[in-house]
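Everything on this sheet refers to the single structure shown next.
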Amino acid sequence: MIYFLTVNYYSTHLIAKLIASLPNQKNLDFKVVIINNSPDDDSINNLKNDYVIILNAANNLGFGNACNLGLKYIYTEDSQAIVWIINPDAYFQENHLEKLQLFLKSHPEISILGTVIHTPAGEVWFAGGYFNAKTGEISSLNLFTDPNTDYIKCDWVTGCSFIINLCNFGECPLFDPAYFLYYEDFDFCQRYAQQGHLIAITQEFGVIHQPSSITNKYIFRKITNSTYGYLLSLDRYTNKLVFSLRLTRLIFYALVLMFIKPQIGLGKIYGVFIYWWKGRNE
């Protein structure tokens, strides 16, 4: 069974497009699990049917915690399932379900699999995550140079298109609840890689994604959450010197932006403050 897991935050029209891009459910065994992170958004209930399941959160849990709600539900239903976490503002152009099942049967060693992601214009938006603990660089790179490569090992994959092979896990894999939005996918990959799980990306199949079509509506919150998640990740996976240098550069850049793009500058400063405040109270 393949479960598509997506998180709704006032994005019913986008999820409707995502569901419409999936194949006819009569021929393939899959379900869609929607975590409703906007409980007052009643329109999402219009999408419910025999193969679309809606789980309502009490409030906005953030991306990772919302996914955890879905992962726990799916793991209880089928601990051997394939879970494809996908952004609500992403969709498919072709049927990848049978290809995915065959792919994971051929490569059972992969626990977490990312896919190539294109923009609607056909440009590559994501094709592999890179992390250098010695410098603190967390970036995305196009890792594919050979079109015949089934997959390439990488350091992390984006939560926009994030496949988990549950049969490789002895217990339900979960995102760290310390993250609200941004870098929870990076942390997830780093934690499970340290436990011996293989993280990889494939170009055999992928999705189309309209970058930040949801979060760009909330710039201040977006920058605040991404700054906090970035600092938390650096704190966990780099050393004190690298963290201090990166933090100093971030604060300096934020102060400059205060005069050019105040929402972004303030968001970065507030993200630093939240990181400091939470660390102080732990």
Measure the spacing between NE2 of His209 and CG of Asp89 and express it to the nearest 0.5 Å.
-> 4.5 Å

If you look at every heavy atom in Ile35 and Ala66, which pair is closest and at what distance?
-> CG1-O, 3.3 Å

So, do Tyr230 and Leu234 sit near enough that their side-chain heavy atoms are less than 4.5 Å apart?
-> yes

Heavy-atom closest pair, residues Leu232 and Ala178 | CD2-CB, 3.9 Å

Side-chain heavy atoms of Glu94 within contact of Lys99, under 4.5 Å = yes

Over all atoms of both residues, closest heavy-atom pair of Thr115 and Ser161 | OG1-OG, 2.7 Å

At their closest point, which heavy atom of Leu257 faces which heavy atom of Gly265, and how far apart are they?
-> CB-CA, 3.9 Å

Quick one: closest heavy-atom pair of Tyr91 and Ser21, and the distance?
-> CB-OG, 3.7 Å

Would the number of heavy atoms belonging to other residues, nucleotides or ligands and lying under 6.0 Å from CD of Glu171 be above 12?
-> no

Side chain Asn239, main chain Val242, donor-acceptor under 3.5 Å = yes

Does any N or O in the side chain of Arg191 come within less than 3.5 Å of the main-chain N or O of Leu174, such that one atom is a donor and the other an acceptor?
-> yes

Compute whether any side-chain donor of one residue and acceptor of the other, for Ser233 and Asp235, lie under 3.5 angstrom apart.
-> no

Dump the intermediate steps for side chain to side chain contact (heavy atoms under 4.5 Å, CB included) on Ser140 and Thr158, then the final yes or no.
-> CA-CA 9 Å; Ser140 60; Thr158 174; over 6 Å; no

ring-ring contact (aromatic ring centres under 6.0 Å, His included) with Trp84: which of Phe30, Tyr3, Phe162, Phe92?
-> Phe92

Single-linkage hydrophobic cluster Leu245~Leu231, side-chain heavy atoms < 4.5 angstrom | no

For Ile164 and Phe169 the tightest heavy-atom approach is CG2-CE1, 3.7 Å

Between the CD1 atom in Ile199 and the OG atom in Ser111, the distance rounded to the nearest 0.5 Å is 6.5 Å

Going by an N to O cut-off under 4.0 Å, is there a salt bridge joining Asp176 and Arg236?
-> yes

Between Tyr270 and Trp277, is the ring centre distance below 6.0 Å?
-> no

Cluster link Leu102 to Tyr151, ILVMFWY, side chain under 4.5 Å | no

Taking the side chain from Asn168 and the backbone from Ile110, do they hold a donor-acceptor pair closer than 3.5 Å?
-> yes

Run the ring-centre check on Phe180 versus Tyr228 and record whether the distance is less than 6.0 Å.
-> no

Nearest 0.5 Å, what's the CZ-CG distance between Phe252 and Leu247?
-> 14.0 Å

Could you tell me whether the side chain of Val157 reaches within less than 4.5 Å of the side chain of Leu113, counting heavy atoms only?
-> no

Taking Ser226 for the side chain and Ile223 for the main chain, is one N or O donor matched with an acceptor at less than 3.5 Å?
-> yes

Between Asp187 and Tyr183, is there a donor-acceptor pair closer than 3.5 Å when you use the side chain of the first and the backbone of the second?
-> no

With no hydrogens and no angle check, do the side chains of Asp40 and Tyr10 hold a donor and an acceptor under 3.5 Å apart?
-> yes

Centres of the His96 and Phe103 rings: under 6.0 Å?
-> no

Looking at side-chain heavy atoms only, is the closest gap between Leu166 and Pro173 below 4.5 Å?
-> yes

Could you state whether Ile208 and Ile19 fall into the same hydrophobic cluster, counting links through intermediate Ile, Leu, Val, Met, Phe, Trp or Tyr residues with side-chain heavy atoms under 4.5 angstrom apart?
-> no

Just wondering, do Trp125 and Cys160 contact through their side chains at under 4.5 Å, heavy atoms?
-> yes

Please tell me if the side chains of Leu255 and Ile269 come closer than 4.5 Å, counting only heavy atoms from C-beta onward.
-> yes

Counting heavy atoms not belonging to Phe273, are there more than 12 under 6.0 Å from its CZ?
-> yes

Where do Ser38 and Asn36 land on the side-chain hydrogen bond (donor to acceptor under 3.5 Å, both in side chains) test, with the steps shown first?
-> CA-CA 5 Å; Ser38 46; Asn36 186 18; 3.3 Å; yes

Asn59 side chain reached by Leu61 side chain, heavy atoms, under 4.5 Å | yes

At what distance, to the nearest 0.5 angstrom, does CG of Leu97 lie from CD1 of Ile2?
-> 4.0 Å

Hey, is the main chain of Tyr182 close enough, under 3.5 Å, to the side chain of Glu184 for a donor-acceptor pair?
-> yes

Side-chain heavy atoms under 4.5 angstrom apart, residues restricted to Ile, Leu, Val, Met, Phe, Trp, Tyr: same cluster for Val32 and Met1?
-> yes

Side chain to side chain contact (heavy atoms under 4.5 Å, CB included) evaluation trace for Phe131 with Thr238 = CA-CA 10 Å; Phe131 174 57; Thr238 62; 3.9 Å; yes

Looking only at side chains, do Asp41 and Tyr9 share a donor and an acceptor under 3.5 Å apart?
-> no

Between the main-chain N or O of Asp146 and the side-chain N or O of Gln203, is there a donor-acceptor pair closer than 3.5 Å?
-> yes

Indicate yes or no for a side-chain donor-acceptor contact from Thr6 to the backbone of Ile86 under 3.5 Å, with no hydrogens or angles considered.
-> yes

Can you tell me how far CG of Leu198 sits from CD of Glu109, rounded to the nearest 0.5 angstrom?
-> 6.0 Å

Does Asn68 use its side chain to pair, donor to acceptor, with the backbone of Phe175 at less than 3.5 Å?
-> yes

Student check: side-chain heavy atoms of Leu18 and Pro88 closer than 4.5 Å = no

To the nearest 0.5 Å, tell me how far Tyr192 OH sits from Ile112 CD1.
-> 7.5 Å

When hydrophobic residues are tied together by side-chain contacts of less than 4.5 Å, even through go-betweens, does Ile219 share a cluster with Val256?
-> no

If only atom types and distance count, is the side chain of Gln190 paired as donor or acceptor with the main-chain N or O of Asp155 below 3.5 Å?
-> yes

How about Phe243 and Tyr275: are their ring centroids closer than 6.0 Å?
-> yes

